[in-house]
Trainee: 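Below is a structure I'd like to ask you about.
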Amino acid sequence: MKPITLDKVELRHGARVIVSGLSAAFAPGSLTALVGSNGSGKTTLLRAIAGLHPLAGGRIDRGGLMPADIALLAQGSHLDRSFPITCRDVVALAATRLGPFRSIGKDRLAATRAALARVGLAEMESRPIQALSAGQFQRVLFARTMVQDASLILLDEPFTAVDTATTRLLLSVIADWHAQGRTVIAVLHDLELVRHHFPHTLMLTRQAALWDSLPDAGLQAA
Amino acid sequence: MLDFLLEPFALGFMRRALAGCLALSVAAPPLGVFLVLRRMSLMSDVLQHGVLPGIAIGAIFAGLSFWAMGLGGVIAGLAVAVLAGWLARRTGGREDSQLAGMYLVALAAGVALISTQHSIDLTHLLFGNVLAVDNTALFGMAGVATVALPALALIWRPLVLESLDPGFMAATAGKGGVWHLVFLMLVVLCVVSGFVALGTLMSVGLMMLPAIAARHWSESLAGQVRVAVLLACLSSVGGLILSFNLDIPAGPAIVLTAGGLWLLSLLTGPRGSLWRQAMPDA
Ligand SMILES: Nc1ncnc2c1ncn2[C@@H]1O[C@H](COP(=O)(O)OP(=O)(O)OP(=O)(O)O)[C@@H](O)[C@H]1O
Ligand SMILES: [Mg+2]
(Lines give C-alpha, C1' and ligand atoms only; values in the text may rest on other atoms or scores of the structure.)
(Ligands and ions follow the chains in the order given, each with its own letter.)
Protein backbone atom coordinates (compact mmCIF):
# COMPACT_ATOMS: atom_id res chain seq x y z
CA MET A 1 0.00 0.00 0.00
CA LYS A 2 1.13 3.52 -0.75
CA PRO A 3 0.65 6.61 1.42
CA ILE A 4 -2.08 9.15 0.73
CA THR A 5 -0.38 12.36 -0.23
CA LEU A 6 -1.74 15.86 -0.56
CA ASP A 7 0.29 18.24 -2.69
CA LYS A 8 -0.39 21.98 -2.36
CA VAL A 9 -4.11 21.31 -2.12
CA GLU A 10 -6.45 24.27 -2.38
CA LEU A 11 -10.12 23.97 -1.47
CA ARG A 12 -12.87 26.51 -1.97
CA HIS A 13 -16.54 27.00 -1.35
CA GLY A 14 -17.62 29.14 -4.26
CA ALA A 15 -15.03 31.89 -4.48
CA ARG A 16 -14.02 31.60 -0.83
CA VAL A 17 -10.70 29.88 -0.21
CA ILE A 18 -11.04 27.48 2.72
CA VAL A 19 -7.71 25.67 2.60
CA SER A 20 -4.71 26.60 0.50
CA GLY A 21 -1.27 25.19 -0.15
CA LEU A 22 -1.81 22.18 2.08
CA SER A 23 0.74 19.42 1.64
CA ALA A 24 0.59 16.34 3.82
CA ALA A 25 1.06 12.59 3.74
CA PHE A 26 -0.82 9.90 5.60
CA ALA A 27 1.17 6.68 5.88
CA PRO A 28 -0.65 3.42 5.22
CA GLY A 29 -2.11 2.11 8.44
CA SER A 30 -1.64 5.41 10.26
CA LEU A 31 -4.12 6.77 12.77
CA THR A 32 -4.47 10.54 12.61
CA ALA A 33 -6.66 13.04 14.38
CA LEU A 34 -7.61 16.12 12.38
CA VAL A 35 -8.21 19.08 14.68
CA GLY A 36 -8.98 22.75 14.20
CA SER A 37 -11.53 25.35 15.14
CA ASN A 38 -15.07 25.45 13.76
CA GLY A 39 -15.04 26.48 10.15
CA SER A 40 -11.35 25.78 9.62
CA GLY A 41 -12.20 23.39 6.80
CA LYS A 42 -11.91 19.93 8.39
CA THR A 43 -15.12 18.59 6.87
CA THR A 44 -14.24 20.06 3.50
CA LEU A 45 -10.78 18.50 3.61
CA LEU A 46 -12.15 15.09 4.58
CA ARG A 47 -14.65 15.22 1.73
CA ALA A 48 -11.90 16.22 -0.66
CA ILE A 49 -9.80 13.24 0.44
CA ALA A 50 -12.84 11.04 -0.19
CA GLY A 51 -13.14 12.56 -3.65
CA LEU A 52 -16.44 14.28 -2.88
CA HIS A 53 -15.22 17.88 -2.96
CA PRO A 54 -13.48 19.29 -6.05
CA LEU A 55 -9.92 20.55 -5.77
CA ALA A 56 -9.38 24.19 -6.69
CA GLY A 57 -5.67 23.50 -6.97
CA GLY A 58 -2.94 20.97 -6.22
CA ARG A 59 -3.48 17.24 -6.22
CA ILE A 60 -4.35 14.33 -3.98
CA ASP A 61 -2.74 10.95 -4.61
CA ARG A 62 -4.83 8.26 -2.97
CA GLY A 63 -2.24 5.57 -3.56
CA GLY A 64 -4.46 3.70 -6.00
CA LEU A 65 -7.49 3.48 -3.71
CA MET A 66 -10.84 3.23 -5.47
CA PRO A 67 -14.01 4.92 -4.14
CA ALA A 68 -15.15 1.54 -2.79
CA ASP A 69 -11.96 1.37 -0.65
CA ILE A 70 -12.82 4.62 1.12
CA ALA A 71 -15.43 4.91 3.87
CA LEU A 72 -16.61 8.32 5.07
CA LEU A 73 -18.74 8.66 8.17
CA ALA A 74 -20.25 12.11 7.70
CA GLN A 75 -20.62 14.72 10.43
CA GLY A 76 -24.01 14.60 12.17
CA SER A 77 -25.28 12.33 9.43
CA HIS A 78 -28.19 13.87 7.53
CA LEU A 79 -29.94 10.56 7.44
CA ASP A 80 -33.70 10.73 7.90
CA ARG A 81 -34.30 9.00 11.20
CA SER A 82 -38.03 8.55 10.61
CA PHE A 83 -37.35 6.26 7.66
CA PRO A 84 -39.00 2.86 8.22
CA ILE A 85 -35.94 0.62 8.17
CA THR A 86 -34.26 -1.68 10.69
CA CYS A 87 -30.71 -1.38 12.04
CA ARG A 88 -29.82 -4.59 10.26
CA ASP A 89 -30.95 -3.27 6.88
CA VAL A 90 -29.09 0.03 7.28
CA VAL A 91 -25.88 -1.91 7.86
CA ALA A 92 -26.54 -4.65 5.29
CA LEU A 93 -27.24 -2.14 2.52
CA ALA A 94 -23.66 -0.91 2.86
CA ALA A 95 -22.18 -4.39 2.94
CA THR A 96 -22.57 -5.03 -0.73
CA ARG A 97 -22.37 -3.25 -4.01
CA LEU A 98 -25.95 -2.57 -4.94
CA GLY A 99 -27.47 -3.39 -8.28
CA PRO A 100 -30.64 -4.81 -9.77
CA PHE A 101 -29.45 -8.39 -9.83
CA ARG A 102 -27.26 -8.43 -6.74
CA SER A 103 -28.41 -10.07 -3.59
CA ILE A 104 -27.27 -9.74 -0.01
CA GLY A 105 -25.72 -13.16 0.57
CA LYS A 106 -25.20 -15.20 3.71
CA ASP A 107 -21.67 -13.92 4.26
CA ARG A 108 -22.84 -10.31 4.03
CA LEU A 109 -25.57 -10.98 6.51
CA ALA A 110 -23.07 -12.65 8.82
CA ALA A 111 -20.76 -9.62 8.54
CA THR A 112 -23.73 -7.37 9.35
CA ARG A 113 -24.60 -9.40 12.45
CA ALA A 114 -21.00 -9.47 13.61
CA ALA A 115 -20.64 -5.70 13.17
CA LEU A 116 -23.82 -4.97 15.10
CA ALA A 117 -22.69 -7.34 17.84
CA ARG A 118 -19.29 -5.60 17.98
CA VAL A 119 -20.97 -2.28 18.75
CA GLY A 120 -23.23 -3.90 21.33
CA LEU A 121 -26.45 -3.84 19.32
CA ALA A 122 -26.93 -7.56 18.71
CA GLU A 123 -30.33 -7.48 20.39
CA MET A 124 -31.49 -4.44 18.47
CA GLU A 125 -30.83 -5.61 14.94
CA SER A 126 -34.47 -5.85 13.94
CA ARG A 127 -35.50 -2.60 15.65
CA PRO A 128 -36.49 0.33 13.44
CA ILE A 129 -33.90 3.12 13.54
CA GLN A 130 -36.54 5.53 14.87
CA ALA A 131 -36.47 3.65 18.14
CA LEU A 132 -32.76 4.34 18.78
CA SER A 133 -31.12 7.02 20.86
CA ALA A 134 -28.57 9.29 19.19
CA GLY A 135 -25.71 7.31 20.71
CA GLN A 136 -27.14 3.98 19.64
CA PHE A 137 -27.64 5.33 16.16
CA GLN A 138 -24.01 6.42 16.01
CA ARG A 139 -23.12 2.81 16.87
CA VAL A 140 -25.20 1.63 13.91
CA LEU A 141 -23.25 4.00 11.67
CA PHE A 142 -19.99 2.57 13.03
CA ALA A 143 -21.26 -0.93 12.26
CA ARG A 144 -22.05 0.25 8.76
CA THR A 145 -18.55 1.64 8.40
CA MET A 146 -17.18 -1.71 9.59
CA VAL A 147 -18.96 -3.72 6.90
CA GLN A 148 -17.75 -1.34 4.20
CA ASP A 149 -14.40 -3.03 4.80
CA ALA A 150 -12.50 0.01 3.53
CA SER A 151 -8.74 0.51 3.69
CA LEU A 152 -9.14 4.25 4.27
CA ILE A 153 -11.65 5.27 6.92
CA LEU A 154 -12.61 8.93 7.37
CA LEU A 155 -14.61 9.88 10.46
CA ASP A 156 -16.07 13.37 10.82
CA GLU A 157 -16.70 14.19 14.50
CA PRO A 158 -17.78 10.64 15.33
CA PHE A 159 -18.28 11.31 19.05
CA THR A 160 -20.67 14.27 19.06
CA ALA A 161 -23.77 13.52 21.13
CA VAL A 162 -22.22 10.30 22.40
CA ASP A 163 -21.69 9.51 26.11
CA THR A 164 -18.37 8.36 27.60
CA ALA A 165 -19.23 4.65 27.67
CA THR A 166 -20.16 4.67 23.98
CA THR A 167 -17.14 6.81 23.15
CA ARG A 168 -14.92 4.21 24.81
CA LEU A 169 -16.57 1.42 22.82
CA LEU A 170 -16.27 3.30 19.53
CA LEU A 171 -12.63 4.14 20.31
CA SER A 172 -11.97 0.42 20.68
CA VAL A 173 -13.51 -0.13 17.24
CA ILE A 174 -11.14 2.51 15.86
CA ALA A 175 -8.27 0.71 17.60
CA ASP A 176 -9.36 -2.51 15.85
CA TRP A 177 -9.24 -0.77 12.49
CA HIS A 178 -5.79 0.56 13.31
CA ALA A 179 -4.62 -2.92 14.33
CA GLN A 180 -5.99 -4.33 11.07
CA GLY A 181 -3.71 -1.95 9.18
CA ARG A 182 -6.41 0.38 7.87
CA THR A 183 -5.65 4.07 7.53
CA VAL A 184 -7.90 6.16 9.78
CA ILE A 185 -8.35 9.93 9.81
CA ALA A 186 -10.79 11.31 12.39
CA VAL A 187 -11.95 14.87 12.97
CA LEU A 188 -12.12 15.50 16.71
CA HIS A 189 -12.50 18.42 19.10
CA ASP A 190 -11.63 16.76 22.41
CA LEU A 191 -7.85 17.28 22.68
CA GLU A 192 -7.54 15.15 25.81
CA LEU A 193 -8.97 12.22 23.92
CA VAL A 194 -6.76 12.95 20.92
CA ARG A 195 -3.64 12.93 23.12
CA HIS A 196 -4.48 9.53 24.58
CA HIS A 197 -5.62 7.65 21.54
CA PHE A 198 -4.18 9.19 18.40
CA PRO A 199 -0.50 8.79 17.52
CA HIS A 200 -0.64 11.58 14.93
CA THR A 201 -2.42 14.89 14.75
CA LEU A 202 -2.89 17.35 11.96
CA MET A 203 -4.07 20.77 13.09
CA LEU A 204 -5.71 23.09 10.58
CA THR A 205 -5.40 26.79 11.36
CA ARG A 206 -6.15 29.82 9.24
CA GLN A 207 -2.48 30.13 8.29
CA ALA A 208 -1.05 26.66 8.17
CA ALA A 209 -1.37 22.99 8.89
CA LEU A 210 0.71 21.71 11.81
CA TRP A 211 1.70 18.09 12.32
CA ASP A 212 1.84 16.54 15.76
CA SER A 213 1.83 19.77 17.71
CA LEU A 214 -1.26 20.24 19.80
CA PRO A 215 -1.67 23.34 21.95
CA ASP A 216 -0.93 22.82 25.65
CA ALA A 217 -3.29 20.83 27.78
CA GLY A 218 -6.03 23.03 29.15
CA LEU A 219 -6.24 25.12 26.03
CA GLN A 220 -9.21 24.21 23.93
CA ALA A 221 -9.01 24.03 20.17
CA ALA A 222 -12.04 26.16 19.51
CA MET B 1 -77.75 -3.60 -0.74
CA LEU B 2 -76.11 -6.39 -2.68
CA ASP B 3 -77.46 -4.82 -5.85
CA PHE B 4 -75.87 -1.56 -4.88
CA LEU B 5 -72.51 -3.35 -4.65
CA LEU B 6 -72.73 -5.79 -7.53
CA GLU B 7 -74.94 -4.15 -10.12
CA PRO B 8 -72.26 -1.74 -11.38
CA PHE B 9 -70.00 -4.61 -12.35
CA ALA B 10 -72.65 -6.34 -14.42
CA LEU B 11 -71.69 -3.86 -17.12
CA GLY B 12 -68.75 -4.52 -19.41
CA PHE B 13 -67.23 -1.04 -19.23
CA MET B 14 -67.41 -1.07 -15.43
CA ARG B 15 -65.60 -4.39 -15.32
CA ARG B 16 -62.93 -2.99 -17.62
CA ALA B 17 -62.57 0.10 -15.44
CA LEU B 18 -62.35 -2.11 -12.34
CA ALA B 19 -59.65 -4.31 -13.85
CA GLY B 20 -57.64 -1.29 -14.94
CA CYS B 21 -57.97 0.51 -11.62
CA LEU B 22 -57.00 -2.63 -9.69
CA ALA B 23 -53.91 -3.00 -11.86
CA LEU B 24 -52.96 0.59 -11.06
CA SER B 25 -53.80 0.04 -7.40
CA VAL B 26 -51.11 -2.62 -7.28
CA ALA B 27 -48.48 -0.66 -9.20
CA ALA B 28 -48.86 2.97 -8.10
CA PRO B 29 -49.07 3.00 -4.28
CA PRO B 30 -45.61 1.43 -3.72
CA LEU B 31 -44.19 4.33 -5.74
CA GLY B 32 -46.28 6.70 -3.64
CA VAL B 33 -44.74 5.25 -0.48
CA PHE B 34 -41.29 6.16 -1.80
CA LEU B 35 -42.46 9.63 -2.83
CA VAL B 36 -43.71 10.23 0.70
CA LEU B 37 -40.51 8.90 2.27
CA ARG B 38 -38.37 11.10 0.06
CA ARG B 39 -40.51 14.10 0.95
CA MET B 40 -41.41 14.48 -2.68
CA SER B 41 -45.17 14.65 -2.27
CA LEU B 42 -45.20 18.01 -4.00
CA MET B 43 -43.58 16.36 -7.00
CA SER B 44 -46.73 14.32 -7.54
CA ASP B 45 -48.76 17.54 -7.75
CA VAL B 46 -46.36 18.94 -10.26
CA LEU B 47 -46.59 15.79 -12.34
CA GLN B 48 -50.35 15.59 -12.39
CA HIS B 49 -50.51 19.09 -13.80
CA GLY B 50 -47.40 18.74 -15.89
CA VAL B 51 -48.62 15.83 -17.98
CA LEU B 52 -51.68 17.73 -19.18
CA PRO B 53 -50.03 19.89 -21.86
CA GLY B 54 -48.35 16.76 -23.24
CA ILE B 55 -51.63 14.88 -23.43
CA ALA B 56 -53.21 17.90 -25.11
CA ILE B 57 -50.47 18.12 -27.71
CA GLY B 58 -50.80 14.37 -28.34
CA ALA B 59 -54.52 14.88 -28.93
CA ILE B 60 -53.95 17.84 -31.25
CA PHE B 61 -51.63 15.80 -33.45
CA ALA B 62 -53.36 12.43 -33.42
CA GLY B 63 -56.89 12.98 -32.22
CA LEU B 64 -58.41 10.92 -29.44
CA SER B 65 -55.83 8.17 -29.52
CA PHE B 66 -54.85 6.65 -26.18
CA TRP B 67 -51.30 5.97 -27.35
CA ALA B 68 -50.69 9.44 -28.78
CA MET B 69 -52.09 11.18 -25.73
CA GLY B 70 -50.27 8.77 -23.42
CA LEU B 71 -46.97 9.29 -25.21
CA GLY B 72 -47.39 13.05 -25.05
CA GLY B 73 -48.18 12.78 -21.35
CA VAL B 74 -45.14 10.62 -20.63
CA ILE B 75 -42.78 12.96 -22.47
CA ALA B 76 -44.21 16.03 -20.74
CA GLY B 77 -44.13 14.25 -17.37
CA LEU B 78 -40.49 13.28 -17.75
CA ALA B 79 -39.56 16.78 -18.86
CA VAL B 80 -41.29 18.25 -15.83
CA ALA B 81 -39.70 15.69 -13.48
CA VAL B 82 -36.20 16.36 -14.77
CA LEU B 83 -36.74 20.11 -14.64
CA ALA B 84 -38.00 19.85 -11.06
CA GLY B 85 -35.01 17.72 -10.08
CA TRP B 86 -32.68 20.28 -11.60
CA LEU B 87 -34.44 23.10 -9.73
CA ALA B 88 -34.11 21.14 -6.49
CA ARG B 89 -30.36 20.83 -7.00
CA ARG B 90 -30.00 24.49 -8.00
CA THR B 91 -31.91 25.76 -4.99
CA GLY B 92 -30.59 23.24 -2.48
CA GLY B 93 -34.01 21.78 -1.70
CA ARG B 94 -35.94 25.03 -1.47
CA GLU B 95 -37.63 24.54 -4.79
CA ASP B 96 -41.24 24.46 -3.64
CA SER B 97 -42.17 27.95 -4.82
CA GLN B 98 -40.72 27.23 -8.24
CA LEU B 99 -42.56 23.91 -8.39
CA ALA B 100 -45.82 25.64 -7.52
CA GLY B 101 -45.17 28.14 -10.27
CA MET B 102 -44.45 25.34 -12.69
CA TYR B 103 -47.64 23.44 -12.10
CA LEU B 104 -49.84 26.50 -12.30
CA VAL B 105 -48.40 27.35 -15.69
CA ALA B 106 -48.62 23.72 -16.84
CA LEU B 107 -52.27 23.44 -15.85
CA ALA B 108 -53.14 26.70 -17.59
CA ALA B 109 -51.26 25.67 -20.73
CA GLY B 110 -52.92 22.26 -20.70
CA VAL B 111 -56.42 23.65 -20.32
CA ALA B 112 -55.79 26.28 -23.01
CA LEU B 113 -54.51 23.67 -25.45
CA ILE B 114 -57.40 21.27 -24.77
CA SER B 115 -59.94 24.02 -25.30
CA THR B 116 -58.81 24.32 -28.91
CA GLN B 117 -59.95 20.73 -29.46
CA HIS B 118 -63.71 20.61 -29.57
CA SER B 119 -63.80 16.82 -29.69
CA ILE B 120 -62.39 16.56 -26.18
CA ASP B 121 -64.44 17.07 -23.04
CA LEU B 122 -62.15 18.82 -20.56
CA THR B 123 -64.01 17.43 -17.56
CA HIS B 124 -63.45 13.88 -18.77
CA LEU B 125 -59.77 14.49 -19.25
CA LEU B 126 -59.29 16.07 -15.85
CA PHE B 127 -61.56 13.83 -13.79
CA GLY B 128 -61.92 10.62 -15.72
CA ASN B 129 -64.65 8.87 -17.60
CA VAL B 130 -65.20 5.17 -17.08
CA LEU B 131 -67.24 4.96 -20.27
CA ALA B 132 -64.10 5.72 -22.21
CA VAL B 133 -62.12 2.84 -20.75
CA ASP B 134 -61.90 0.70 -23.87
CA ASN B 135 -59.62 -2.28 -24.36
CA THR B 136 -56.72 -0.04 -25.39
CA ALA B 137 -56.92 1.97 -22.18
CA LEU B 138 -57.22 -1.22 -20.16
CA PHE B 139 -54.15 -2.69 -21.84
CA GLY B 140 -52.34 0.54 -21.16
CA MET B 141 -53.04 0.39 -17.44
CA ALA B 142 -52.35 -3.33 -17.16
CA GLY B 143 -49.20 -2.98 -19.25
CA VAL B 144 -47.82 -0.20 -17.08
CA ALA B 145 -48.55 -2.24 -13.95
CA THR B 146 -46.82 -5.24 -15.50
CA VAL B 147 -43.71 -3.19 -16.21
CA ALA B 148 -43.71 -1.06 -13.06
CA LEU B 149 -43.89 -3.81 -10.44
CA PRO B 150 -40.90 -5.89 -11.55
CA ALA B 151 -38.95 -2.72 -12.31
CA LEU B 152 -39.54 -1.45 -8.78
CA ALA B 153 -38.52 -4.83 -7.38
CA LEU B 154 -35.26 -4.65 -9.33
CA ILE B 155 -34.32 -1.16 -8.19
CA TRP B 156 -35.69 -1.66 -4.67
CA ARG B 157 -32.44 -1.82 -2.67
CA PRO B 158 -30.56 0.99 -4.41
CA LEU B 159 -33.73 3.08 -4.20
CA VAL B 160 -34.11 2.42 -0.47
CA LEU B 161 -30.49 3.41 0.13
CA GLU B 162 -30.78 6.47 -2.08
CA SER B 163 -33.95 7.56 -0.28
CA LEU B 164 -32.49 6.90 3.17
CA ASP B 165 -29.06 8.43 2.71
CA PRO B 166 -28.36 10.06 -0.66
CA GLY B 167 -24.98 11.36 0.52
CA PHE B 168 -23.81 7.86 1.37
CA MET B 169 -25.14 6.52 -1.91
CA ALA B 170 -23.28 9.19 -3.85
CA ALA B 171 -20.06 8.49 -1.93
CA THR B 172 -20.09 4.72 -2.34
CA ALA B 173 -22.08 3.66 -5.36
CA GLY B 174 -21.96 6.89 -7.31
CA LYS B 175 -24.95 6.06 -9.48
CA GLY B 176 -27.79 7.28 -7.29
CA GLY B 177 -29.03 9.47 -10.12
CA VAL B 178 -29.77 6.51 -12.39
CA TRP B 179 -32.06 4.80 -9.88
CA HIS B 180 -33.75 8.08 -9.18
CA LEU B 181 -34.45 8.59 -12.87
CA VAL B 182 -35.84 5.06 -13.32
CA PHE B 183 -38.04 5.67 -10.31
CA LEU B 184 -39.36 8.97 -11.70
CA MET B 185 -40.04 7.26 -15.02
CA LEU B 186 -42.20 4.64 -13.27
CA VAL B 187 -44.08 7.39 -11.43
CA VAL B 188 -44.76 9.24 -14.68
CA LEU B 189 -45.95 6.03 -16.38
CA CYS B 190 -48.38 5.30 -13.56
CA VAL B 191 -49.74 8.85 -13.46
CA VAL B 192 -50.27 8.96 -17.21
CA SER B 193 -51.72 5.48 -17.64
CA GLY B 194 -54.60 6.28 -15.31
CA PHE B 195 -55.74 9.39 -17.17
CA VAL B 196 -58.62 7.83 -19.13
CA ALA B 197 -60.36 6.21 -16.19
CA LEU B 198 -59.36 8.56 -13.38
CA GLY B 199 -58.48 11.81 -15.11
CA THR B 200 -55.09 13.52 -14.99
CA LEU B 201 -55.89 15.44 -11.82
CA MET B 202 -57.12 12.38 -9.94
CA SER B 203 -54.83 9.52 -10.91
CA VAL B 204 -52.14 10.81 -8.54
CA GLY B 205 -54.66 10.42 -5.71
CA LEU B 206 -54.61 6.65 -6.09
CA MET B 207 -50.83 6.80 -5.76
CA MET B 208 -50.48 9.20 -2.86
CA LEU B 209 -53.46 8.88 -0.51
CA PRO B 210 -53.02 5.15 0.23
CA ALA B 211 -49.29 5.76 0.70
CA ILE B 212 -49.89 8.58 3.18
CA ALA B 213 -52.47 6.50 5.04
CA ALA B 214 -50.18 3.46 5.16
CA ARG B 215 -47.74 5.31 7.44
CA HIS B 216 -50.30 4.90 10.20
CA TRP B 217 -50.43 1.13 9.87
CA SER B 218 -46.93 -0.26 9.63
CA GLU B 219 -43.43 0.66 10.75
CA SER B 220 -41.65 -1.34 8.08
CA LEU B 221 -41.27 -0.25 4.50
CA ALA B 222 -42.57 -3.53 3.09
CA GLY B 223 -45.51 -3.36 5.50
CA GLN B 224 -46.37 0.15 4.36
CA VAL B 225 -46.25 -0.93 0.74
CA ARG B 226 -48.59 -3.85 1.38
CA VAL B 227 -51.07 -1.71 3.32
CA ALA B 228 -50.96 0.99 0.63
CA VAL B 229 -51.79 -1.54 -2.09
CA LEU B 230 -54.65 -2.95 -0.04
CA LEU B 231 -56.09 0.51 0.64
CA ALA B 232 -55.79 1.44 -3.04
CA CYS B 233 -57.65 -1.70 -4.11
CA LEU B 234 -60.42 -0.95 -1.61
CA SER B 235 -60.60 2.62 -2.89
CA SER B 236 -60.87 1.47 -6.50
CA VAL B 237 -63.71 -0.94 -5.81
CA GLY B 238 -65.52 1.41 -3.44
CA GLY B 239 -64.98 4.41 -5.66
CA LEU B 240 -66.32 2.75 -8.78
CA ILE B 241 -69.43 1.60 -6.91
CA LEU B 242 -69.99 5.15 -5.66
CA SER B 243 -69.32 6.57 -9.08
CA PHE B 244 -71.90 4.32 -10.70
CA ASN B 245 -74.63 4.69 -8.12
CA LEU B 246 -74.26 8.39 -7.43
CA ASP B 247 -73.43 9.28 -11.02
CA ILE B 248 -70.18 11.13 -10.26
CA PRO B 249 -66.95 10.85 -12.28
CA ALA B 250 -64.79 7.87 -11.37
CA GLY B 251 -61.68 9.89 -10.51
CA PRO B 252 -63.17 11.99 -7.72
CA ALA B 253 -65.19 9.01 -6.43
CA ILE B 254 -62.08 6.85 -6.07
CA VAL B 255 -60.02 9.67 -4.58
CA LEU B 256 -62.80 10.48 -2.11
CA THR B 257 -62.93 6.84 -1.03
CA ALA B 258 -59.14 6.82 -0.62
CA GLY B 259 -59.48 10.06 1.33
CA GLY B 260 -62.04 8.42 3.62
CA LEU B 261 -59.66 5.54 4.28
CA TRP B 262 -56.89 8.03 4.98
CA LEU B 263 -59.08 9.84 7.49
CA LEU B 264 -59.88 6.52 9.12
CA SER B 265 -56.16 5.70 9.31
CA LEU B 266 -55.35 9.11 10.71
CA LEU B 267 -57.98 8.68 13.42
CA THR B 268 -57.57 5.03 14.36
CA GLY B 269 -54.37 3.56 12.87
CA PRO B 270 -51.93 1.91 15.28
CA ARG B 271 -49.10 4.35 14.54
CA GLY B 272 -49.18 8.08 15.24
CA SER B 273 -52.94 8.35 14.84
CA LEU B 274 -55.02 10.73 16.91
CA TRP B 275 -56.45 7.77 18.81
CA ARG B 276 -52.89 6.60 19.65
CA GLN B 277 -51.93 10.04 20.79
CA ALA B 278 -54.98 10.31 23.03
CA MET B 279 -54.44 6.85 24.53
CA PRO B 280 -50.74 6.02 24.26
CA ASP B 281 -50.91 2.73 26.15
CA ALA B 282 -54.20 1.33 24.88
N1 LIG C 1 -21.94 24.48 1.48
C2 LIG C 1 -21.15 25.53 1.78
N3 LIG C 1 -21.23 26.67 1.05
C4 LIG C 1 -20.43 27.72 1.32
N5 LIG C 1 -19.53 27.74 2.30
C6 LIG C 1 -19.41 26.64 3.07
C7 LIG C 1 -20.21 25.48 2.84
N8 LIG C 1 -19.88 24.54 3.74
C9 LIG C 1 -18.91 25.09 4.49
N10 LIG C 1 -18.62 26.35 4.10
C11 LIG C 1 -17.60 27.23 4.68
O12 LIG C 1 -16.35 26.59 4.57
C13 LIG C 1 -15.62 26.72 5.77
C14 LIG C 1 -15.16 25.33 6.23
O15 LIG C 1 -16.27 24.54 6.53
P16 LIG C 1 -16.12 23.08 7.12
O17 LIG C 1 -17.48 22.53 7.26
O18 LIG C 1 -15.16 22.33 6.31
O19 LIG C 1 -15.50 23.40 8.55
P20 LIG C 1 -15.21 22.42 9.75
O21 LIG C 1 -13.77 22.62 10.09
O22 LIG C 1 -15.64 21.06 9.44
O23 LIG C 1 -16.10 23.05 10.89
P24 LIG C 1 -16.86 22.35 12.12
O25 LIG C 1 -15.85 22.13 13.19
O26 LIG C 1 -17.85 23.38 12.54
O27 LIG C 1 -17.49 21.09 11.61
C28 LIG C 1 -16.52 27.41 6.77
O29 LIG C 1 -16.03 28.70 6.97
C30 LIG C 1 -17.87 27.43 6.14
O31 LIG C 1 -18.46 28.69 6.37
MG1 LIG D 1 -17.07 19.80 10.16
Trainee: Would you say that more than 12 heavy atoms from the other residues, nucleotides or ligands in this model lie under 6.0 Å from the CZ of A/Phe83, or not?
Mentor: yes
Trainee: How many angstroms lie between atom CG of B/Leu164 and atom CG of A/Leu93, to the nearest 0.5 angstrom?
Mentor: 7.5 Å
Trainee: How many angstroms lie between OG in B/Ser220 and CG in A/Asp89, if you round to the nearest 0.5 Å?
Mentor: 9.5 Å
Trainee: Between the side chains of A/Arg144 and B/Asp165, is the shortest nitrogen-to-carboxylate-oxygen separation below 4.0 Å, so that they form an ion pair?
Mentor: yes
Trainee: Given a strict heavy-atom distance threshold of 4.5 Å, which part of A/Ser82 is in contact with chain B: side chain, backbone, both, or neither?
Mentor: both
Trainee: Please look at B/Ser218 and chain A and tell me whether the side chain, the backbone, both or neither of the residue comes under 4.5 angstrom of a heavy atom of that chain.
Mentor: neither
Trainee: To the nearest 0.5 angstrom, please state how far the OG1 atom of A/Thr145 sits from the CZ atom of B/Phe168.
Mentor: 7.0 Å
Trainee: Below 4.5 Å from any heavy atom of chain A, which atoms of B/Arg38 appear? Answer side chain, backbone, both or neither.
Mentor: neither
Trainee: Quick check on side-chain contact (heavy atoms from CB on, under 4.5 Å): which of B/Arg271, B/Glu219, B/Gln224 does A/Pro84 satisfy it with?
Mentor: B/Gln224
